[in-house]
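Just so we're clear, the structure is a prediction, and the values are computed from it rather than from any experiment. Proteins get letters first, then strands, A, B, ... in listed order; numbering begins at 1 in each.
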Protein chains: 2
Amino acid sequence: MKKVTIKDIASIAGVSRGTVDRVINGRGNVTEEVEQKILKIASDLGYEKNLMASALASNRVYRIAIVTPDPNSDIFWAQPREGIQNALELVKHYGIITDYYDYNLFKKDEFCMQMENAINSRPDAILTAPTFTAESLEYLEMAEQNNIPFITINTEIHHPDILCYVGQNSFNSGYLAGRLFYLRLKPGDEIIALNLGHTLANAQHYSDKLAGLNAFFEQHNMSGNPIIWYEFDKFLDDDLLYEFWVDIKAKHPRMKGLFFTNSRGYRLVKFFNPEESQKYDVVGFDMIDPNIRFLKEDKIDFIINQNPILQGYTGIMNFVNHFVLKKDVKKIQYLPLDIVIKENVDFYIDNFKGYPVTKG
Amino acid sequence: MKKVTIKDIASIAGVSRGTVDRVINGRGNVTEEVEQKILKIASDLGYEKNLMASALASNRVYRIAIVTPDPNSDIFWAQPREGIQNALELVKHYGIITDYYDYNLFKKDEFCMQMENAINSRPDAILTAPTFTAESLEYLEMAEQNNIPFITINTEIHHPDILCYVGQNSFNSGYLAGRLFYLRLKPGDEIIALNLGHTLANAQHYSDKLAGLNAFFEQHNMSGNPIIWYEFDKFLDDDLLYEFWVDIKAKHPRMKGLFFTNSRGYRLVKFFNPEESQKYDVVGFDMIDPNIRFLKEDKIDFIINQNPILQGYTGIMNFVNHFVLKKDVKKIQYLPLDIVIKENVDFYIDNFKGYPVTKG
DNA sequence: TTATTTTCTGTGTACGAGCACAAACAAAAA
DNA sequence: TTTTTGTTTGTGCTCGTACACAGAAAATAA
């Protein structure tokens with residue numbers, strides 16, 4: 001049961017290690033006849049390259065440039081980063097080095113600058129959350145020219161040349177939200193879909209989610225339950241937001257469900273009084289701290305989680321699978337849409353991140 | 001930014017590689033003074049052992065004995081195995097070898113036999129699902145004597161000497177089920193909790209789940225919604241099971257919720273007519289194929305999933321973290337209780353297993 | 001003191017694959 | 001034929017660590 005080495009193959013084939021090495025790694029300069037013989041022996045013996053020895057000998061370094069929003073500009077982005085760092089812990093021995101190019105989520109020019117810096121550093125790959133779609137596509141082309149593949153997470157852009165996408169399926173998350181409202185809806189109840197954010201950034205995301213929600217209601221003949229779409233981009237100003245909320249309530253006495261299209265539901269539900277906490281079914285996204293708090297206080301009823309930590313983790317692991325282990329990687333990987341409620345939230349937070357972790 | 005090696009430390013400390021090696025690996029025979037100097041330099045330089053080189057040089061082989069139920073005796077157990085095999089794919093380069101000791105889930109003597117075989121093979125660790133609690137504890141002690149640690153998955157046994165447990169928290173899964181029923185319950189509605197299985201095996205599991213369910217109802221003042229507990233061990237006989245079901249319906253006209261304590265809900269819900277599929281809220285466990293089918297047919301409403309694939313995966317990864325990477329491993333790792341419904345089930349099945357996978 | 005044991009330190013080789021370079025051989029050109 | 005060129009194969013060193021063994025130094029016994 002001993003492992004087969006290049007030496008074993010060489011001695012059986014009656015050639016030297018060097019020749020076997022050339023065949024295995026396709027370096028050429030080997031007669032057809034010998035090559036075939038060696039390949040046959042290798043496959044008969046079930047030869048598998050010892051990756052440790054290989055990495056050690058080649059002494060190769062892989063560099064990944066990470067272009068994601070600065071967590072300080074939007075706390076959500078701490079989570080993908082956490083996953084990235086955890087993955088690195090497991091695979092850094094393969095010689096993987098990362099450089100971070102942070103940008104302010106709300107500043108397009110910062111994004112562009114950092115993306116250029118990243119490309120100019122000539123990394124082996126760029127891992128990015130392409131929050132600015134149009135610009136991302138441009139840089140993708142530019143990187144393409146320099147043979148730098150893109151690994152994208154969280155925000156889907158459609159382009160044949162990305163190495164992979166790991167993240168959410170927005171349409172389906174809206175559709176899922178539809179079911180969650182449906183569970184408790186009565187005839188005539190209204191749903192308010194609320195986008196606390198700027199239309200420009202991530203527009204596709206939001207409209208896909210809404211489309212999914214609408215699709216569910218249509219397919220379940222819920223024409224008696226209207227969905228009303230609002231957008232409010234001054235969400236950072238509590239006074240204005242409160243005014244907006246009072247206004248909404250006045251306009252929609254039959255409001256029963258509240259659908260937040262992103263992670264910022266916490267900004268509004270903090271205005272709920274106890275009675276309102278009871279009355280409304282609230283569905284929001286992402287397990288960031290304030291959302292978790294309000295989930296536990298019954299102000300938010302369901303959080304749909306797309307495991308951003310796992311997105312980062314998987315992004316790195318895909319790199320390893322592709323570059324180090326030379327395995328095919330699935331191009332589109334939609335993560336599960338976890339339904340998080342008060343009763344299972346702690347397990348998602350404390351004990352597990354979707355992959356094994358150590359104590360320290 | 002170059003990596004620090006033993007040689008670097010040696011030349012700075014003015015000693016040979018061998019001496020540094022003795023210090024780093026605590027092999028002794030080094031003067032206190034030199035040892036301290038080397039340790040200081042190592043920590044100053046941020047030395048980290050190159051695991052590739054280490055594994056290569058030591059040529060060590062780790063053997064794990066896997067003692068789990070034969071998937072042929074109960075299909076559920078194919079899932080942990082899948083996770084085990086996927087994890088091995090990622091870490092086998094560290095020299096990890098596995099031997100499987102399968103046993104029939106329902107045959108205690110087979111379990112004992114295989115456990116003895118496993119211990120006698122003197123592995124570095126035993127990964128097991130201790131479905132037979134009392135016996136498992138005995139073998140745990142026996143393995144303990146031989147310095148073979150236990151990694152347990154899926155079924156929790158309480159013993160200070162296990163290396164780790166990865167799996168479900170039964171009480172909480174019952175408690176979670178409580179919430180799922182609560183969403184749609186009306187005053188007077190009854191819940192039938194049904195254990196399709198033998199009392200003996202996994203008894204703790206089942207009673208914990210029921211306790212959780214009861215606890216939720218108590219804490220939410222639902223004394224108007226009784227929970228009635230049934231057990232039926234002839235579940236393999238369709239005729240008897242059908243008879244039992246007809247009987248239940250007759251006895252409980254106010255039945256609204258149906259709680260299956262394990263993965264075998266599919267055996268009963270197949271008797272539902274369309275009207276019944278609508279009428280009952282059904283909560284069951286485990287994403288095995290027949291359950292998934294009935295989820296899609298609206299006969300089952302919620303599946304609580306404890307990611308058995310991930311259990312296997314994590315079990316192996318914990319081994320690696322402990323033995324190869326020498327990191328501390330969390331002793332108890334409760335996996336998230338995923339709430340799976342028709343609208344998110346496909347993402348759990350097709351696209352993701354909770355960790356990165358390759359295409360082939 | 002010298003002999004002997006014990007404690008400490010240095011050196012050489014191995015692990016398996018990568019890679020540069022040398023050597024052997026064959027084919028084409030002189 | 002010899003020379004040149006090109007193709008194919010073999011050798012030796014490298015990566016960073018582990019470990020056996022040799023050797024030096026110190027401590028103890030004679």
Side-chain angles (χ1 to χ4, degrees), chain A residues 1-39 41-42 45-62 91-97 323-326, chain B residues 1-39 41-42 45-62 91-97 323-326:
Chain A
M1 222 31 198
K2 214 188 137 284
K3 270 182 294 181
V4 182
T5 73
I6 257 184
K7 233 161 89 185
D8 299 328
I9 299 178
S11 78
I12 292 178
V15 297
S16 71
R17 290 159 26 233
T19 304
V20 177
D21 174 66
R22 273 180 284 267
V23 172
I24 299 288
N25 295 294
R27 287 192 235 285
N29 287 327
V30 178
T31 20
E32 180 64 19
E33 183 198 5
V34 175
E35 171 155 9
Q36 290 310 322
K37 185 164 75 174
I38 290 176
L39 284 176
I41 294 174
L45 264 54
Y47 170 75
E48 286 183 45
K49 191 186 289 198
N50 182 328
L51 285 173
M52 325 289 291
S54 177
L56 183 62
S58 71
N59 220 5
R60 181 159 172 24
V61 168
Y62 297 94
V91 300
K92 65 178 174 198
H93 311 105
Y94 289 116
I96 291 168
I97 292 178
F323 281 93
V324 184
L325 309 181
K326 313 283 185 207
Chain B
M1 223 29 199
K2 214 188 136 284
K3 269 181 294 180
V4 182
T5 73
I6 259 184
K7 233 161 90 185
D8 300 327
I9 299 178
S11 79
I12 293 177
V15 298
S16 71
R17 290 158 27 230
T19 303
V20 177
D21 172 68
R22 273 180 284 269
V23 173
I24 299 288
N25 296 294
R27 288 191 233 284
N29 288 327
V30 178
T31 17
E32 180 66 18
E33 183 197 6
V34 175
E35 170 155 10
Q36 289 309 320
K37 186 164 72 172
I38 290 176
L39 283 177
I41 294 173
L45 265 53
Y47 170 76
E48 286 183 44
K49 192 186 288 198
N50 182 326
L51 284 174
M52 327 287 295
S54 178
L56 184 61
S58 72
N59 221 3
R60 182 162 172 19
V61 167
Y62 296 95
V91 299
K92 65 177 174 198
H93 310 107
Y94 289 115
I96 291 168
I97 292 178
F323 282 93
V324 184
L325 309 181
K326 314 282 186 208

In whole angstrom, give the distance that lies between atom [atom1] of [X] and atom [atom2] of [N].
X        : N       : atom1 : atom2 : value
Ile6(B)  : dC19(D) : CD1   : P     : 11 Å
Asn29(A) : dC19(C) : CG    : P     : 15 Å
Arg60(A) : dG16(D) : CZ    : P     : 16 Å
Asn59(B) : dA17(C) : CG    : P     : 11 Å

Taking all non-hydrogen atoms of both residues into account, name the closest pair between [X] and [Y] and its distance.
X         : Y        : value
Ala10(A)  : Arg17(A) : CB-N, 3.8 Å
Gly28(B)  : Arg22(B) : O-CD, 3.5 Å
Val324(B) : Tyr94(B) : CG1-CD2, 3.6 Å

Could you tell me whether the side chain of Arg17(B) has a donor or acceptor atom within less than 3.5 Å of a complementary atom in the base of dT13(C)?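 When only heavy-atom distances are counted, Arg17(B) does reach the base of dT13(C) through a donor-acceptor pair under 3.5 Å.
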Is the base of dG10(D) touched by the side chain of Arg22(A) through a donor-acceptor pair closer than 3.5 angstrom?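 It does, because a donor-acceptor pair links the side chain of Arg22(A) to the base of dG10(D) below 3.5 Å.
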Got a sec, which residues hit side-chain contact (heavy atoms from CB on, under 4.5 Å) with Asn59(B), two or more places apart in sequence or on another chain?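 By the side-chain contact (heavy atoms from CB on, under 4.5 Å) rule, Asn59(B) matches no residue at all.
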Find which nucleotide of DNA chain C each of Asp21(A) and Ala53(B) is nearest to by heavy atoms, and output the residue with the more 5' nucleotide.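 Per heavy-atom nearest nucleotide, the more 5' residue is Ala53(B).
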Out of dT9(C), dG18(C), dG16(D), which has the shortest distance to the side chain of Ala57(B)?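 When the side chain of Ala57(B) is considered, dG16(D) is the closest of dT9(C), dG18(C), dG16(D).
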Between Thr31(A) and dT9(D), is there a side-chain N or O to OP1/OP2 distance below 4.0 Å?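 Checking Thr31(A) against dT9(D): at least one side-chain N or O falls below 4.0 Å of OP1 or OP2.
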